[in-house]
Amino acid sequence: MSAPLLRVENLGIEFGPADAPVKAVDGVSFAMAAGETLAVVGESGSGKSVTALALTRLLATPPARYVSGAIQFQGREVMTMPAPELRALRGKQIAYIFQEPSSSLNPVFTIGYQIREAIEQHRPEVRDVRGEIVRALDLVGIRDAATRLGDYPHQLSGGMQQRVMIAMALACQPNLLVADEPTTALDVTIQKQIMDLLRELKSKTNMAILLITHNFGLVSDFADRVVVMFRGKIVESGPTAEVLRHPQHPYTRALIECVPKLGQKQRRLKVIDYAGIN
Amino acid sequence: MPASTDAAPILEVEHLKVYFPILGGVFRHQVGEVKAVDDVSFTVQRGETVGLVGESGSGKTTLGRAIIRLNEPTAGVIKYEGKVISDLSARAFWPYRKKIQIIFQDPYNSLNPRLSIFEIVGEALEIHFPQMSRADRRERVAGLLKQVGLQPEHLDRYPHEFSGGQRQRIGIARALAVGPEFIVCDEPVSALDVSVQAQIVNLLQDLQEELGLTYLFIAHDLAVVEHISDHVLVMNQGKIVEAASAEAIYENPQHEYTRKLLAAVPKL
Amino acid sequence: MNAPVDESYSQRLARRFSRDALALTGFWLIILAFVLAALAPFLANNHAIVRVADGQISFPVLRSLEPIEWRFLINVPLAGLIYALRRPLFRNPQRGGLIVAVVVIVVQIALAFVQPYNDVTNDRTRPATFKLMPLIAWSPLESSPDALVGPSWNHLCGTDSTGRDVAARILHGARTSLAIGFVSQVIALGVGVTFGALAGYYRRWVDMVICRFIEVMECFPSLLLILVIIGLSDSQNNMIVIMAVIGLTGWTGTARLVRGEFLRLGGQSFPQAAQALGAGDLRVILRHLLPNSLGPILVTATFGVASAILLESSLSFLGFGMQAPTPSWGDLISEGRRFIDFAWWLVFFPGVVMLVTIMSYNFVGEGLRDAVDPRLQVK
Amino acid sequence: MTTYILRRLLLVIPTLFGITLLTFLLIRLAPGNAALIKGQTGENGGHAMTAEVREQTIKLYGLDKDPLTAYGDWLVKLAHLDFGQSLVDHRPVLTKIRERIGLSVSLTGSALVLSYLIAVPVGIAAALRRGQRTDRMISFVVFLLYSIPTFVAALVLILLVAGGDYLNLLPMYGANSIDASEMSGPAWAWDRIKHMILPVICLTYGSLASISRYTRVSMLEVLGQDFLRTARAKGLSERRVIFSQALRNALIPIVTVFAMELPALIGGTIIVEEIFTLPGMGQLVFQSIEARDQFVIMGVVTISAFVTLFGYLMADILYVLVDPRIRFE
């Protein structure tokens, strides 16, 4: 295999006062190959979202502080990248979709305009921007795309809003899509639609996906590899099937076991014994 | 339906409707109505857990709130221990507030941030047992905290000093303070991490065993509902589309919507 | 995020507030202004604080005090002392407030029988073996032979057209100005909180009616309304009338705010939990909703005090000020403006004092707003 | 959207009634008139009331009738904008107001525009540098200005730049020079502008604080929103993120707060017109209050309230027009 698409090494991010820092991310290292799907699984406060935002230095400093580490995307160092280059990376190479589609879209601009912004920013060569926007909306399964261009975000349902977010992210054909809990705010049936859409898009393009989630269930038939985070550290990583079937780390095991499973009625749920985790 | 139906049910809901008016037009007159709960009937036996599952907007929360009279029913009858409680005045309903209680979803805004844990849990006692002395109240609240897995030292702390799971325990202690028989659990674990969710679910089950409580357990997570419930009601657009035992819902779903819901749950 | 976990809401407020240097300075300046105003008779008076003559020690300044000043000087330290000692003194410290109230009322009744002295002696000129005069040895209403003289050691801020000491008048006028700001806002708060709470809690038609009422009141420019009310009434423009009129025309902002807070908090589940427990409306309002709206209420009240002091000065300028025994700062400034060409001190000193006070209130308000508004917290 | 606007228009009706009721009560309960109702003759605030004045007062406000009929009659008169005649010069109140309203409107209008032009950029600058020295400086300066009573500022300005001992750049008082009637068009306009500079400054500086602080809060609120993260993640420049994405959201509430400034500005004209002897509504109402010319007072009060109400109405409609969340409901 050639050089990895993304390599994160010893990433460390802190919040709070310098004398009593909260280590949100503590020595995290992982790599992704082009076209690969990697899932980062962890509970709230595990540092998974912070890691995702750090990939293009989207965390505001302050309050965040990058204390250590290197992030290489296609061989280029992101941590020291000057601002114009960084902006060219964001959206063009690495695109994001977020947890809450309703607050992630600007309420005062039409969805067409918000997609247009991305295209105009990164693909100035495109002549027929409108056609490109319609194509992007078509791709994510929004019917009558040409007439929905002028809609404002609040006129769409949550699932539709997330589709718009995906269309916006894909409009510049990024090499990496970071999906930060893309379905947490949505109902299960909508969640299934969005996940099916992502799976379909993944098969169409050679885009790598970094899926941030707290739900092991979403991971099993979606990700190639899994990284499990706990309190800012990676406690386990490996191929998805491997990790799910034979979790090595007690935290991973406990996390999988404490979730009730349909059709496997237990009398009591397993509870994570934090004292037993190093 | 349960095999042992000889005992009278603790709660009977018959043809319950909760409609909210849609005001519109220049004069804000009623131009329509949201049928949040639309002709719903079911019964709950003493000591069992009935799970109520549905997606957002299905009316499950409105149904739960109607039982404890946080929403006024539009039509239909709610009977508690055989007595109709849905048409009681606020004053006449008051005694039932000791018997029926509720646990809320969001552990972050269900506790008054300006009150200490003693004040929050003790308020229930202040309201229903005004003759109780402060010392007795403190003792009782300390006991309740222990019962839900917190320390009596937490008595004089404030909500923001607690984690989400601990707050949910405080909410449970508040509901237990008046000694209820029936508790509406309105998505009590939806906002929690999976590991904390397991703790709270176990706690609820322990309390049920210990105190003989009856639960109406509302959630959108089918797996959690299946785990905790004896019977499951599936709600969609204000109606109960399927009611069956927890096993049957999974083994042999009857309604198309239930099947769709089951299919959408990611499998590990 | 970086906050210590074990601090209460008010501690968190205090911490955020005290990070703001301007607000903190403003806060202490206001405290200073109130202390100076309370101690005005001891700071500017023609009675000596201590006087030794004919082998006798006397404290003439005490004889110059009005009954109300006596009450104030006895009650405030007394109340403070009882409150400070409530833990060692009482079995149940929670009742401390009640005991303070009882003691204060008893003292009030006792003092009602104290006859005021009507003492017009002037210790500045009276001979004595030893005397300690106040910092400013002039009473606010006393005329010296030197009219319209500039600042000097004798008259720190100069004298006015009838020879009265400007510094003494500013110091005593502080009471009037501070009281107007404070009392009028207490009135405005009372009305505003009541209407806002009713509208935000009961919603529906109550809200509808109250919102219309607020809108009606807001359509009248308050200065105009106050002028008309005072202009059309025949009563003497005493302090109470001015305070009441400013308060009764200035409550709409508070009402809107409280209404908004109640609507917001009503959507959260803790008031609903109380209702589910069978708590009555009054309990939900007073124990759950109101305490959680206090921060923003405090903010508007603070800004309100500043604008009330300004408003009163405008009234003085227009000739509709009050006829109080001691003039407000606004009165001093508008009296002085006729001589502004050559006696700058008449406007300058009261102007600066008023400016600093109003700014202090505004900075405190601004600091509080930054501290209480969760929407403004840095993410 | 249309129903929203119609509904807003409809809500004006109860407010209008409220305004008329309040003004009616003000007169009815004024001590002098209260005495008249009881049939007592006597003094009205030191001025002996002539029989003719008494009669007019009784007739206009229906003091001899029961309150309800009297209020009805008062409403009918209001509908015809009949405010009666001035007690001082016996001219119709409406005519007197009409002569003077133009000046006051241009005064408040220019002050409003000017304060927006200054305060909005200042507020944005403060928000972007929150907690830094610029923010604190701006905060200090706008509150310093706000804390100066209008009349003090006016006196100082006159002393410094108009006709006083220092600079003599601008006229001290009046809306025009004495010889203005002989001036040509442009010269007359320039003369008018020169007369307006100081009054407009005096009206403007006080409202800088509220508008700039409002802008700051509005902007800070938007700066914490998730969609700005989306915009940054798209690769937009920081300038674009703030001046296109954030500002558009922050401005929506700001453009509509102008109505809240109106009452303060109208109050301000009383002082400013009095000091600069400008023949506007503010001066009219002040002189009328001093002369206890109650018909003129009530006319001005009612019309000011109507104007403010119209401002609120415009603000609300503007809000609907600029905020897509309401526009497409």
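Given the structure is predicted, the values throughout are model-derived calculations rather than measurements. Here is how names work: the chains are called A, B, and so on, in the same order as the sequence lines, proteins then strands, and each is numbered from 1.
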Check: For L21(D), is it the side chain, the backbone, both or neither that has a heavy atom under 4.5 Å from a heavy atom of chain C?
Finding: neither
Check: Does the side chain of L26(D) come within less than 4.5 Å of L225(C)'s, by heavy atoms?
Finding: yes
Margin query: Which atoms of I19(D) are under 4.5 Å from chain C, going by heavy atoms: the side chain, the backbone, both sets, or neither?
Written below: both
Item checked: Residue selection (most heavy-atom pairs with chain C, distance under 4.5 Å) from A264(D), A209(D), G18(D) -> G18(D)
Next item on the list: To the nearest 0.5 angstrom, please state how far the CZ atom of R212(C) sits from the CG atom of L11(D).
Entry: 4.0 Å
Checklist line | Inter-residue atom distance M217(C).CE - T15(D).OG1, 0.5 Å rounding | finding: 13.0 Å
Next item on the list: Quick one: closest heavy-atom pair of F143(D) and M359(C), and the distance?
Entry: O-CG, 3.8 Å
Notebook entry, point to check: More than 12 foreign heavy atoms under 6.0 Å from CE of M137(D): is that the case here?
Noted result: no
Item checked: Proximity breakdown for L22(D) and chain C, heavy-atom pairs closer than 4.5 Å -> side chain
Checklist line | Residue part contacting chain D, namely of E215(C), when any heavy atom lies under 4.5 Å | finding: both
Note to self: Can you tell me if F182(C) has over 12 outside heavy atoms packed within less than 6.0 Å of its CZ?
What the structure shows: no
Item checked: Interchain contact, T302(D) with chain C, by part (heavy-atom threshold 4.5 Å) -> neither
Checklist line | Region of F213(C) that comes under 4.5 Å of a non-hydrogen atom in chain D | finding: neither
Next item on the list: Return the option, out of G282(D), S288(D), P149(D), with the maximum number of heavy-atom pairs under 4.5 Å with chain C.
Entry: P149(D)
Notebook entry, point to check: By a 4.5 Å heavy-atom criterion (distance strictly below it), what part of L22(C) contacts chain D: side chain, backbone, both, or neither?
Noted result: side chain
Check: side-chain contact (heavy atoms from CB on, under 4.5 Å) between V152(D) and M354(C): does it pass, once the steps are laid out?
Finding: CA-CA 11 Å; V152(D) 175; M354(C) 189 164 102; 5.9 Å; no
Check: How about Y202(C): does its OH atom have over 12 heavy atoms from other parts shown lying under 6.0 Å from it?
Finding: yes
Notebook entry, point to check: So how far is it from N362(C) CG to L144(D) CG, rounded to the nearest 0.5 Å?
Noted result: 10.5 Å
Checklist line | Over 12 non-hydrogen atoms of neighbours within 6.0 angstrom of CZ in F34(C) | finding: yes
Note to self: Which atoms of T150(D) are under 4.5 Å from chain C, going by heavy atoms: the side chain, the backbone, both sets, or neither?
What the structure shows: neither
Checklist line | Among the listed options V228(C), I358(C), L318(C), the residue most often paired with chain D at heavy-atom distances under 4.5 Å | finding: L318(C)
Next item on the list: Under 4.5 Å heavy-atom distance to chain C, tell me which part of V301(D) shows up: side chain, backbone, both or neither.
Entry: both
Check: Any idea which heavy atoms bring S304(D) and L224(C) closest together, and the distance?
Finding: OG-CD2, 3.7 Å
Check: Looking at CZ of F363(C) and CZ of R136(D), how far apart are the two atoms once the value is rounded to the nearest 0.5 Å?
Finding: 11.5 Å
Notebook entry, point to check: Once you round to the nearest 0.5 Å, how far does CG of D135(D) lie from CG of D370(C)?
Noted result: 7.5 Å
Notebook entry, point to check: Minimum heavy-atom separation for P221(C) to P263(D), with atom names?
Noted result: CB-O, 3.2 Å
Notebook entry, point to check: Using non-hydrogen atoms only, which part of Y146(D) is less than 4.5 Å away from chain C: side chain, backbone, both, or neither?
Noted result: both
Note to self: To the closest 0.5 Å, what do you measure between CZ (R337(C)) and CZ (F151(D))?
What the structure shows: 7.5 Å
Margin query: Any heavy-atom pair between the side chains of V285(D) and L227(C) that's under 4.5 Å?
Written below: no
Note to self: Are the side chains of L155(D) and V347(C) in contact, using a 4.5 Å heavy-atom criterion?
What the structure shows: no
Notebook entry, point to check: Looking at G267(D), S139(D), G268(D), A305(D), which one has more heavy-atom pairs under 4.5 Å with chain C than the rest?
Noted result: A305(D)
Next item on the list: Identify which of L223(D), I289(D), I148(D) forms the greatest number of heavy-atom pairs closer than 4.5 Å to chain C.
Entry: I289(D)
Item checked: Residue part contacting chain C, namely of F140(D), when any heavy atom lies under 4.5 Å -> both
Next item on the list: Against chain C, label F286(D) side chain, backbone, both or neither, depending on which of its atoms sit under 4.5 Å from a heavy atom there.
Entry: side chain
Margin query: Just to be sure I understand the criterion: a residue of residues 300-310 of chain C counts if one of its heavy atoms is under 4.5 Å from a heavy atom of chain D. Which ones qualify?
Written below: F303(C), S307(C), L310(C)
